[in-house]
Amino acid sequence: MAATLSAADIHCTLQPNSDSNRSIFFTSPLRLPNRRRFFTVSCSSSSKSLPKPPPDLEDIHPQNPSLSDQLKSISTTLLNENPTKDQQSKKTQLLTKPKSTWVNPTRPKPSVLNLQRQKKTQQYSHNPQIRDLKHFAKKLDECETSEAAFMEAIEEIPHPPSRENSLLVLNSLRQWQKTLLFFNWIKTQKLFPMETIFYNVAMKSLRFGRQFQLIEDLANDMINDEIELDNITYSTIITCAKRCSLFDKAVEWFERMYKTGLMPDEVTYSAVLDVYAQLGKVGEVMSLYERARASGWVPDHIALAVLGKMFGEAGDYDGIRYVLDEMKSLGMQPNLVVYNTLLEALGKAGKPGLARSLFLEMVESGITPNEKTLTALVKIYGKARWAKDALDLWEQMRSNGWRMDLFLCNTLLSMCADLGLEEEAERLFDDMKESMNFRPNSWSYTALLNTYGSGGNVDKAMKLFDEMSETGVEVNVMAVTCLIQCLGRAKRIDDLVRVFEFAMERGVKPDDRLCGCLMSIISYFEGEDVNKVLALLQHANPELVSFIKLLEQDKTSFETIREEFRGIINATIVNARRPFCNCLIDICRNGNLHERAHELLYMGTVYGLYPGLHTKTPDEWRLNVRSLSVGAANTAFEEWMGTLSKTIDQKEELPKLFIATTGAGTHKLAEGLASAFESQVKKLAAPFRQSEEKAGLFQATREDIVAWAQSKAPPSLAVTS
DNA sequence: CTGTCGTGAA
């Protein structure tokens, strides 16, 4: 038993490994009860006294009368029964498994799942009848789906519909309609009692046809006819609900299972784990997972991939760490799919460094990355603007001859746009046209357009767009947006209008992103050009144009602005809301509507579009304008200085240090923001100085601020209240 | 041949 983990080891792996209070490991209410339960049980000297049901189980299944039965230890099941040979070997397997978490089998351990899978009944013995019956099933499948046609066909059954023969036919039918007809037919024949297995086989076929309602009806028939529902029944119901995206139904049936006192086996448990993961119910997943682990369940690669993916979707780095630590403590070597899932998850959690080291570990362990691995990593390096790592990886891909597919090539092209690698993008694009066995599609064209666009290469971008429209590649809204952005920056307004109109003729539907792009162009144009772009925006989103008109009218009240703004923002997809607000502020400032700009910034803050804009600690107050446009950042700075003046007038306590950050300029939006911000600081004669070692970091001391406020009393910058 | 779960693109 040298390699066996101790109970303490197991629970050490459950400890939070970060003190972040966002960690689910602190917030999960089920964590502490679980641990307490474990120690109560494992420290008990009497092996006979069963532990009381833990409170967390009662919370989830309050009406279950037999919960303590469910905690029946697996050890008593295995040791008290007269084991068959098969069970004996299973037991030995469990006890000698090097990484078994079962510490002492003579002690009872609370179990929430049955570690023994429900057994399948004996396979059909080999029998010449089988061929006949299968052939018959095929004929039933091929006949018309009407009941009359079916009843006619069934007359030709080659052998009497005994229990075994019926089961064979039932299991061989592919169409769920036929399965149901045949099932009902054998039921009316009443040659033998309908057992659970008949329902299970029928349900499996119905699941293939995604007929959840019919499955639920059958299950209710079983309950009414007092036919036992077993683990196979429940797992079939649950997975069918899942495939039909009826997650609430999946959960409902799992809870019903608990209420009847049936203990899930590992198959049912795994299925439910995935249900909760897909619902994003991290707390429930972890609670189920830990309870199963405490029962001695050893998770497989798939279960851990399910956890990893879930944490990735939640952007939860601690969770991803937990999965890695868990595998280490289980002595499990991740396979290719698990690595891919975790790399993807680390990308979503914004951890490029950890992704890189995990990739190195993967390659060192001898696993060859596939297209999905490389796609995930290329995307991560591109988004992080890690040019060196990205190019090194690309070189490594070439020298190792790792296979590429369309996804990977397109991700590489997008990375080129992020890093400004025009030549590399062109070379890859040509390779795709000539030597690879897939052609560039609309994603490829869009990525290359974006590369040209962010490099300011307008003519190449236009030429590429022409090529795209001529070669029959779908002209999509993303490509149009990239090109329009590029033409806007180059002030080629008539080309811009032509491209927009061409796209509309081609059936492109403008989306919020395109509207945001048009609005940003409006914000830096003047005169007749503004009207030309407004006309395009009128076509794409008339409400936005009305709102802009409203902003420009003096008589519009703040109340009206607030109401209309709310309507606009609610109708906008979440990740376009902040850009919208930024653009609207820019438009106001460009049109000398400074008061409106402050109103918009206020509402944007109220609607949570600028989280973390201002943070206060006793030592420093910080204004973070990283995600703001130039106009919005200037507005925010004015607002802040105004507030500071007031604070000083009212003799409130101030911190030692004041900081404003614009970011270093690695992000597209931040380019030029630092310099624009600096001139704004000068304009207001504010005492902030840009740090010499860190661009985009502006600092002022308390003394600076107080002196500044006193020199310019009375404050005139606090425009809105 | 009564049941489960995992990987990629603005």
Side-chain angles (χ1 to χ4, degrees), chain A residues 117-124 130 133-134 137 164 167-174 179 195-205 207 229-240 242-243 250 264-278 285 299-310 312 323 334-345 347-348 369-380 382-383 405-415 417-418 441-447 449-450 476-482 511 513-514 575:
Chain A
R117 267 190 197 194
Q118 184 172 321
K119 289 220 172 57
K120 293 188 179 185
T121 46
Q122 278 229 302
Q123 302 277 309
Y124 306 108
I130 290 178
L133 289 164
K134 284 200 166 178
E164 282 70 29
L167 203 50
L168 177 59
V169 173
L170 193 64
N171 198 29
S172 306
L173 291 168
R174 316 229 85 194
T179 309
E195 299 163 43
T196 306
I197 188 169
F198 287 90
Y199 285 88
N200 291 350
V201 174
M203 283 183 184
K204 188 189 143 194
S205 171
R207 188 185 58 187
L229 282 76
D230 61 15
N231 258 293
I232 297 176
T233 321
Y234 282 108
S235 67
T236 311
I237 298 171
I238 289 166
T239 54
C240 178
K242 202 167 62 175
R243 278 185 209 177
D265 65 13
E266 58 183 32
V267 174
T268 315
Y269 224 82
S270 272
V272 170
L273 206 65
D274 187 50
V275 169
Y276 281 118
Q278 287 199 42
V285 168
D300 59 8
H301 283 103
I302 298 175
L304 289 162
V306 167
L307 291 192
K309 187 177 181 189
M310 173 186 76
V323 174
N335 62 15
L336 179 60
V337 179
V338 172
Y339 271 120
N340 289 351
T341 310
L342 290 175
L343 284 170
E344 177 90 355
K348 284 182 178 143
N370 68 2
E371 296 91 332
K372 287 168 182 159
T373 324
L374 298 166
T375 302
L377 210 58
V378 166
K379 196 174 147 197
I380 289 168
K383 273 205 321 204
D405 63 7
L406 186 57
F407 275 120
L408 180 50
C409 285
N410 287 347
T411 308
L412 282 165
L413 287 171
S414 299
M415 181 192 82
D418 286 334
N441 66 359
S442 62
W443 290 79
S444 330
Y445 275 94
T446 305
L449 266 174
N450 205 9
N476 59 354
V477 66
M478 193 64 190
V480 173
T481 305
C482 289
D511 61 3
R513 229 192 268 246
L514 179 52
N575 54 13

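Everything numeric in this text was worked out from a predicted model, so none of it was measured. By convention in this document, chain letters (A, B, ...) are assigned in the order of the sequence lines, proteins followed by strands, and residues within each chain are numbered from 1.
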For residues 334-344 of chain A, please give each side-chain donor-acceptor pair under 3.5 Å, one per line with the distance, not counting sequence neighbours.
unit_1: A:Asn335; atom_1: OD1; unit_2: A:Val337; atom_2: N; d: 3.3
unit_1: A:Asn335; atom_1: OD1; unit_2: A:Val338; atom_2: N; d: 2.9
unit_1: A:Tyr339; atom_1: OH; unit_2: A:Glu361; atom_2: OE2; d: 2.9
unit_1: A:Asn340; atom_1: OD1; unit_2: A:Thr373; atom_2: OG1; d: 2.6
unit_1: A:Asn340; atom_1: ND2; unit_2: A:Asn370; atom_2: OD1; d: 3.2
unit_1: A:Thr341; atom_1: OG1; unit_2: A:Val337; atom_2: O; d: 2.7

At 4.0 Å (heavy atoms only), tell me whether [X] reaches a base, stays on the sugar-phosphate, or touches nothing.
X	result
A:Leu408	base
A:Arg243	sugar-phosphate
A:Ser414	nothing
A:Thr233	nothing

With a 3.5 Å cut-off and just heavy-atom distances, do the side chain of [X] and the base of [N] make a donor-acceptor pair?
X	N	value
A:Ser235	B:dG3	yes
A:Asp274	B:dG6	no
A:Thr268	B:dG3	yes
A:Asn340	B:dG6	no
A:Asn476	B:dA10	yes

Task: Contacts of type ring-ring contact (aromatic ring centres under 6.0 Å, His included), residue A:Tyr234, not counting sequence neighbours - done: none

Length of the line joining [X]:[atom1] and [N]:[atom2], which is rounded to integer Å:
X	N	atom1	atom2	value
A:Lys383	B:dA10	NZ	P	7 Å
A:Tyr339	B:dG8	OH	P	19 Å
A:Tyr445	B:dA10	OH	C1'	17 Å

TODO: Determine, answering yes or no, if A:Tyr234 is stacked on B:dG3 under the 5.5 Å centre rule and the 30° plane rule.
DONE: no

